[in-house]
Amino acid sequence: MQSKMAMRAFGGLDRKVSVIGQGTWYLDQGDRAKAVAALRRGLDLGMTHIDTAEMYGDAELVVGDAIAGRRDEVFLVSKVLPSNASRRGTVTACERSLKRLNTDRLDCYLLHWRGQYPLEETVAAFEHLVTQGKIASWGVSNFDADDLHELLAVAGKGRIACNQVLYHLRERAIEHRVVPWCEAHGVTVTAYSPFGHDDFPSPSSAQGRALQAIADQHRATPRQVALAFLTRRPSVIAIPKASSAEHAAENAAGGSLRLSEAEIAALDSAFPRGREPASLPML
Ligand code: NAP
């Protein structure tokens, strides 16, 4: 396998992001030094997109330690909780996150999911934060195509940088309408829980064997193949979470793997997309 991390456009930003980034949910729960080392190893290997959130307990503090002295290498994303996403609350939440991350700016700031505050309020706060230089861009998470359509009417063209949504081999609901909508409007799709959170196919299952067969062709691993499948379209990037440097290194190598059309077709049939569900699945 080649070792160079592929880079992708992110919304309308001039800057590109690594196709494979690093999630941080629950990263504060185990050995903190190990978690910091995992993130730093990921950075060394090109996984410079780091995703966190005010919801993730002390994960922002762990990220702050990991990026100390390396801020300029990182594409840093955090999220505001819907319960804080009023005009004033969004700004205050962002300032709290900046303090915990020990930085003066985010590269993108997301609304974690749609809540009770009108989109107008949250968007006004995001745009204010952009003007202040505290965030370079903003986006959303867990928005279905109808939510995105409403958001576009509020925000105007070219303002929504990304939509972060649940996407893994066994959960392909976003392929029906969310991905096409995002592609039509220049919005990056960030795949969260790309390994199914804790539901990755076991090696002994038929799905596990399908992954392994393709992995063997590339001297890769099933998880690297999964990441390559999810990011096969240029509009999609992924953010697996790893608590060890070994796992981070394995995931980073997935950022240079390209699958053939035949391999993509084989995975498509081993992990069928299924019908569009009534509502967008989320964790
Ligand atoms: P995930 O990335 O799908 O899976 C994480 C699990 O995979 C962990 O148990 C991890 O174990 C394991 N793993 C990772 N790399 C591995 C490797 N190379 N070999 C073996 N096991 C490996 O799950 P996730 O944390 O739910 O999703 C990723 C990120 O997406 C989150 O951390 C968060 O940043 C974001 N997210 C966003 C939302 C949202 O609503 N916007 C929701 C969920 C998640 P170890 O920890 O032992 O390495």
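As the structure lists them, so they are numbered: ligands from 1, and atoms in each ligand from 1.
Checked against salt bridge (Lys or Arg N to Asp or Glu O under 4.0 Å), Glu95 has the following partners two or more places apart in sequence or in another chain: Lys134.
Residues Glu60 and Ser78 bring a donor and an acceptor atom of their side chains to less than 3.5 Å of each other.
Taking the ring centroids of Phe75 and Phe10, they lie under the 6.0 Å cut-off.
Note on residues 266-283: pairs passing side-chain hydrogen bond (donor to acceptor under 3.5 Å, both in side chains), not counting sequence neighbours, are Arg172-Asp268, Glu175-Arg273, Arg177-Glu276. The side-chain hydrogen bond (donor to acceptor under 3.5 Å, both in side chains) contacts involving residues 35-46 comprise Asp44-Arg70, where partners must be two or more places apart or lie in separate chains.
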Run the ring-ring contact (aromatic ring centres under 6.0 Å, His included) test on Phe126 and Tyr109 for me, step by step, so that the C-alpha distance in whole Å, both residues' side-chain angles and the decisive distance to 0.1 Å come before the verdict.
CA-CA 8 Å; Phe126 282 158; Tyr109 195 38; 5.7 Å; yes
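In this structure, ligand 1 sits under 4.0 Å from heavy atoms belonging to Gly23, Thr24, Trp25, Asp51, Tyr56, Lys79, His112, Ser141, Asn142, Gln164, Tyr192, Ser193, Pro194, Phe195, Gly196, His197, Arg223, Ile239, Pro240, Lys241, Ala242, Ser243, His247, Glu250, Asn251.
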